[in-house]
Trainee: 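There's a structure below that I have some questions on.
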Amino acid sequence: MPYDPSDPQKDRITDIGPRYFRDFFPPVIEKNFGKWLYHEILEPGVLVHVAEGGDEVYTVRVGAARLMSIELIREICDVADKHCNGYLRFTTRNNVEFMVDGKDKVKPLLDDLKSRKFDGGSNKFPIGGTGAGITNIVHTQGWAHCHTPAIDASGVVKAVMDGIYDEFGNMRLPAPVRVSLACCLNMCGAVHCSDIAILGIHRKPPMIDHEWIDKLCELPLAIAACPTAAIKPAKTEAGGKTLEVNADRCMFCGNCYTMCAAMPLADELGSGIAILVGGKLSNRVSRPKFSKVVIPFIPNEPPRWPSTVAAVKKIVDVYAKDARKYERLGDWAGRIGWERFFEKTDIPFTHHLIDDYRFAYTTWRTSTQFKF
Amino acid sequence: MAKRNTPMLDELEKGPWPSFVSDIKQQAAKGKQIMKEAPEDLLGVLELSYEDKITHWKHGGIVGVFGYGGGIIGRYNDQPQQFPGVAHFHTVRVNQPSSKYYTTEFLRSICDLWERHGSGLTNMHGSTGDIVLLGTTTDHLEPLFFDLTHDLNQDLGGSGSNLRTPSACLGKSRCEFACYDSQEACHNMTNEYQDELHRPAFPYKFKFKFDACPNGCVASIARSDMSVIGTWKDDIRIDQSAVKAYAGGELKPNAGAHAGRDWGKFDINKEVIDLCPTNCMSWDGSKLTIDNKECTRCMHCLNVMPRALRIGTDTGASVLFGAKAPILEGAQMATLTVPFLPMESPFSELKELIEKVWEWWMEEGKNRERLGELIQRKSMQEFLRVIELDPDPRMVLEPRSNPYIFWKEEEVEGGWTRDIVEYRKKHQR
């Protein structure tokens, strides 16, 4: 029976959770579950995994925009039906993986994927994202669908990926470089442990919609939301309840706006991009690390954000030339010293880059060991 | 022919990387979605944002399906007259299967569902892992949920102050490094805690993520309140002949991950032995020796020589708590709390642990206080008492350097009650 709007509780099904993942396994994956022996990247974007009994699965990884139409999903299904018996998977970083169970099936799949282009000319399925290169950028919603962003997400990602496209289809960097984007400090896509993080930030304190704020918001919640206690109660000229922001104390986190829609802070000139580098989250060789702010602000430059693209490219290029094999970006910067990082990348070191929030002191240099 | 002029967005059709603008345009041109104007109007409002350099979306309202407090995020446009096709544009989070394997049959049924009930636009996938159906109106929510549960046997994900949709790496399905079944753990825990996922009762969001080895492909250590990372206790298994083959150049090191540049001949001493963070390995030219007791399982040697080295067989997971992004008190990485936990289905030890954690957090946590912040505020010691774990040097990088120990009265001989009169008998004022 279809949904009956007059009786929404009828035959209601709830709390069934997601579909069982093993119902979606290709046969070669199901058969060799837990029996994989080793893998090899045959060429950028093409992997083979070999199981104990000798079975092989070949995987072709392709990049994709995470904002995706159902027309494109159906085309992805067409490819999987044609080459992969109707199975596929997505990765954590918005890539699509097509798997086949024999080497002879790889080339027709690659040829098919390479031939598919959007009407505007871009590739539908660029192949790569493996090994010591740059894989897809994980990101957030931006101006396409969010109320708190300082920047767009999909557009910046598209422009940056065009700029570093060659590294997606190559494996010639010293180590993987993970690039991530979050369009505000909420970081619904956590970017704080990325080799390169593109982060939307605000620089103007919230405006107060005095006429509406008492109707739209719980004022005590907005006051409590401020991490620096910069918000206090006030009265409008008409004697109504409102709030006041001590602008000198504002750190532009936007937490008040999250709690109260009458305190918008995004701005054409105030909002833009900060670049952080040197984070990682694998435990390989060195411990996981936070990314560090190296460029405090780049203006929003739609549609193609040229200054941001240039900054990311420059950092990648200098790292690629200077780092040792296996050295992640943050390990390289740590070895040569951050004073050298700024020198080599021609990024100016300004007062904005010295921490003055909680635990700030842990990042100051308390030693005479430095480089001239 | 496009209804709207979008000269700035059109610039994003150029270049080799897949263009989301071209994709939305093809949905606008060919799609049969019920919200016919939605793709075109989404481009329109995005173009306006490109002109204005600011978003045109408002705070979400409270929308959802009956009985659930999460899974749908309300979204409204602030220029509804100009862009009626996206005036109401709510998001639906659909709980993805563990590690995102799909049949085309299932994906097509999702597409059909979304054609009947929404904009035809999605995110594959959202940051937390859900299939995100991007943009529909309130009147479609109940019918969509009915079809989703009845026809697709599939539920919504989490949003708001609840358990967010858990996610996992691909684990044993296609990886030789998997130390436990991360996919099964994710699925089992998701189903065990459906109530926590759908009905917000927590101080704030709570995330589980399951990485099957310390390489951490699903980034649990940086972004989950409870991070479960596979590990092993016994020895790395060594195939000495394969080690020789790597050292001699017959096998491709790093599984080919560095093959795009000429880094010179593979040097096992320089690239493996010397990079080991604990210096627990040696190579005498014919035999690799690992002092396994000193190994911290960083994965480097296994990543470099996957055909020669394998994880041990006494496997389980380390459990870490408290990771989060910067809002509010600053970013936190997860703190190692349980060095080793068995990870066999039905994951009873893990469930016992998380329920103790939640009970404390729900009792003590302030509104919008993540677990990591509560642990900082109340202390790691308090956290350990609550989850009934003894302190262990593995939980810290180093012991504290300040001596301001909060002694408990019962720890101090004779307690704290003293008599000032008795004291004065021996000590003049």
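Note: hydrogens, waters and symmetry copies are ignored here, and every other heavy atom, side chains too, is used. Here is how names work: the chains are called A, B, and so on, in the same order as the sequence lines, proteins then strands, and each is numbered from 1.
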Trainee: Output the option from A:Met68, A:Met187, A:Lys117 having the highest count of non-hydrogen pairs under 4.5 Å with chain B.
Mentor: A:Met68
Trainee: Nearest heavy-atom pair of B:Leu46 and A:Ala144: which atoms, and what distance?
Mentor: CD1-N, 3.8 Å
Trainee: Need one label for B:Ser98: side chain, backbone, both or neither, based on atoms under 4.5 Å from any heavy atom in chain A.
Mentor: both
Trainee: Is it the side chain or the backbone of B:Cys217 that comes within 4.5 Å of chain A heavy atoms, both, or neither?
Mentor: backbone
Trainee: Heavy atoms, side chains only, cut-off 4.5 Å: are A:Cys77 and B:Arg108 in contact?
Mentor: yes
Trainee: Is a donor from one side chain sitting under 3.5 angstrom from an acceptor on the other, for A:His49 and B:Glu176?
Mentor: no
Trainee: Does any backbone or side-chain atom of B:Ser99 lie under 4.5 Å from a heavy atom of chain A? Answer side chain, backbone, both or neither.
Mentor: both
Trainee: Are B:His258 and A:Met171 close enough, and set up right, to give a side-chain contact (heavy atoms from CB on, under 4.5 Å), and what steps lead you there?
Mentor: CA-CA 6 Å; B:His258 293 257; A:Met171 303 188 293; over 6 Å; no
Trainee: Below 4.5 Å from any heavy atom of chain A, which atoms of B:His125 appear? Answer side chain, backbone, both or neither.
Mentor: both
Trainee: Do A:Trp143 and B:His56 have ring centres separated by under 6.0 Å?
Mentor: no
Trainee: For B:Glu11, is there an ion pair with A:Lys158 - N to carboxylate O distance below 4.0 angstrom?
Mentor: no
Trainee: With rounding to the nearest 0.5 Å, note down the distance linking CD1 in B:Ile131 to CZ in A:Phe90.
Mentor: 8.5 Å
Trainee: Judged by modelled atom types alone, do B:Ser22 and A:Asp119 share a side-chain donor-acceptor pair under 3.5 Å?
Mentor: no
Trainee: Main chain of B:Pro18, side chain of A:Asn123: is a donor-acceptor contact present, judged purely on distance under 3.5 Å?
Mentor: no
Trainee: Compute the ring centroids of A:His147 and B:Tyr76, then answer whether they are less than 6.0 Å apart.
Mentor: no
Trainee: Is there a donor-acceptor contact under 3.5 Å linking the side chains of B:Asn215 and A:Ser282?
Mentor: no
Trainee: Under 4.5 Å between any side-chain heavy atoms of A:Ser69 and B:Thr122, yes or no?
Mentor: no
Trainee: Would you check if B:Leu170 and A:Arg89 make a side-chain contact, meaning some heavy-atom pair closer than 4.5 Å?
Mentor: yes
Trainee: If I measure from the heavy atoms of chain A, does B:Gln332 come under 4.5 Å with its side chain, its backbone, both, or neither?
Mentor: backbone
Trainee: Assess the side chains of A:Asn170 and B:Arg261: does a donor N or O sit below 3.5 Å from an acceptor N or O?
Mentor: no
Trainee: Test side-chain contact (heavy atoms from CB on, under 4.5 Å) on B:Leu134 and A:Gln141; report intermediate values, then the result.
Mentor: CA-CA 10 Å; B:Leu134 204 60; A:Gln141 297 287 20; 3.6 Å; yes
Trainee: Tell me, with the steps shown, if B:Tyr68 and A:Asp15 meet side-chain contact (heavy atoms from CB on, under 4.5 Å).
Mentor: CA-CA 9 Å; B:Tyr68 281 11; A:Asp15 300 275; 4.0 Å; yes
Trainee: If you look at every heavy atom in B:Gly15 and A:Ser122, which pair is closest and at what distance?
Mentor: O-CB, 3.2 Å
Trainee: Nearest heavy-atom pair of A:Tyr357 and B:Leu328: which atoms, and what distance?
Mentor: OH-O, 2.9 Å
Trainee: For B:Phe66 and A:Arg12: C-alpha separation, side-chain torsions, deciding distance, then whether side-chain contact (heavy atoms from CB on, under 4.5 Å) applies.
Mentor: CA-CA 10 Å; B:Phe66 291 121; A:Arg12 197 170 185 80; 3.6 Å; yes
Trainee: Is a side-chain donor-acceptor pair under 3.5 Å present for B:Gln183 with A:Tyr20?
Mentor: no
Trainee: Given a strict heavy-atom distance threshold of 4.5 Å, which part of B:Leu42 is in contact with chain A: side chain, backbone, both, or neither?
Mentor: side chain
Trainee: Indicate the atoms forming the closest heavy-atom contact of B:Lys252 with A:Leu42, along with that distance.
Mentor: NZ-O, 4.1 Å
Trainee: Is there a donor-acceptor contact under 3.5 Å linking the side chains of B:Arg174 and A:Thr59?
Mentor: yes
Trainee: Answer yes or no: is there a side-chain heavy-atom contact under 4.5 Å between A:Leu67 and B:Asp23?
Mentor: no
Trainee: For A:Phe21 together with B:Tyr101, are the ring centres under 6.0 Å from each other?
Mentor: no
Trainee: Please look at B:Thr91 and chain A and tell me whether the side chain, the backbone, both or neither of the residue comes under 4.5 angstrom of a heavy atom of that chain.
Mentor: both
Trainee: How far apart are the C-alpha atoms of A:Arg19 and B:Asn95, what are their side-chain angles, what is the distance that settles it, and do they pass the side-chain hydrogen bond (donor to acceptor under 3.5 Å, both in side chains) test?
Mentor: CA-CA 8 Å; A:Arg19 288 285 294 272; B:Asn95 193 334; over 6 Å; no
Trainee: Can you tell which part of B:Lys270 gets under 4.5 Å to a heavy atom of chain A, answering side chain, backbone, both or neither?
Mentor: neither
Trainee: Can you name the nearest heavy-atom pair linking A:Ile70 to B:Trp114, along with the distance?
Mentor: CG2-CD1, 4.0 Å
Trainee: Quick one: does A:Leu221's side chain get under 4.5 Å of B:Asn367's, heavy atoms only?
Mentor: yes
Trainee: So, do A:Pro18 and B:His187 sit near enough that their side-chain heavy atoms are less than 4.5 Å apart?
Mentor: yes
Trainee: Under 4.5 Å from any heavy atom of chain A, what part of B:Arg307 do you find: side chain, backbone, both or neither?
Mentor: both
Trainee: For chain B, which candidate among A:Pro2, A:Gly142, A:Pro299, A:Ala159 shows the most heavy-atom pairs at distances under 4.5 Å?
Mentor: A:Pro2
Trainee: Counting C-beta onward and ignoring hydrogens, is there a side-chain heavy-atom pair between B:Ile54 and A:Glu268 closer than 4.5 Å?
Mentor: no
Trainee: Measure distances from B:Lys58 to the heavy atoms of chain A and classify the residue's part below 4.5 Å as side chain, backbone, both or neither.
Mentor: backbone
Trainee: One pair to check against ring-ring contact (aromatic ring centres under 6.0 Å, His included): A:Phe168 and B:Trp17. What are the steps and the verdict?
Mentor: CA-CA 10 Å; A:Phe168 181 80; B:Trp17 187 254; 4.9 Å; yes
Trainee: Let me know if B:Leu12 has heavy atoms under 4.5 Å from chain A in its side chain, its backbone, both or neither.
Mentor: both
Trainee: Does A:Arg172 pair with B:Asp262 as a salt bridge, N-O distance under 4.0 Å?
Mentor: no
Trainee: Is the closest side-chain heavy-atom distance between A:Trp36 and B:Ser173 below 4.5 Å?
Mentor: no
Trainee: Nearest 0.5 Å, what's the OG1-CG distance between A:Thr92 and B:Asp211?
Mentor: 8.5 Å
Trainee: Relative to each other, are the rings of A:Phe24 and B:Phe106 parallel, tilted or perpendicular (30° and 60° limits)?
Mentor: tilted
Trainee: Measure distances from B:Glu329 to the heavy atoms of chain A and classify the residue's part below 4.5 Å as side chain, backbone, both or neither.
Mentor: both
Trainee: Let me know if B:Asn123 has heavy atoms under 4.5 Å from chain A in its side chain, its backbone, both or neither.
Mentor: both
Trainee: Considering only heavy atoms, which portion of B:Ala222 lies under 4.5 Å from any heavy atom of chain A: side chain, backbone, both, or neither?
Mentor: both
Trainee: Less than 3.5 Å apart, any donor N or O on the side chain of A:Tyr3 or B:Asp147 sitting next to an acceptor on the other?
Mentor: no
Trainee: Quick one: closest heavy-atom pair of A:His139 and B:Ser127, and the distance?
Mentor: O-OG, 3.5 Å
Trainee: Between A:Arg74 and B:Glu115, is the closest basic N to carboxylate O distance under 4.0 Å?
Mentor: yes
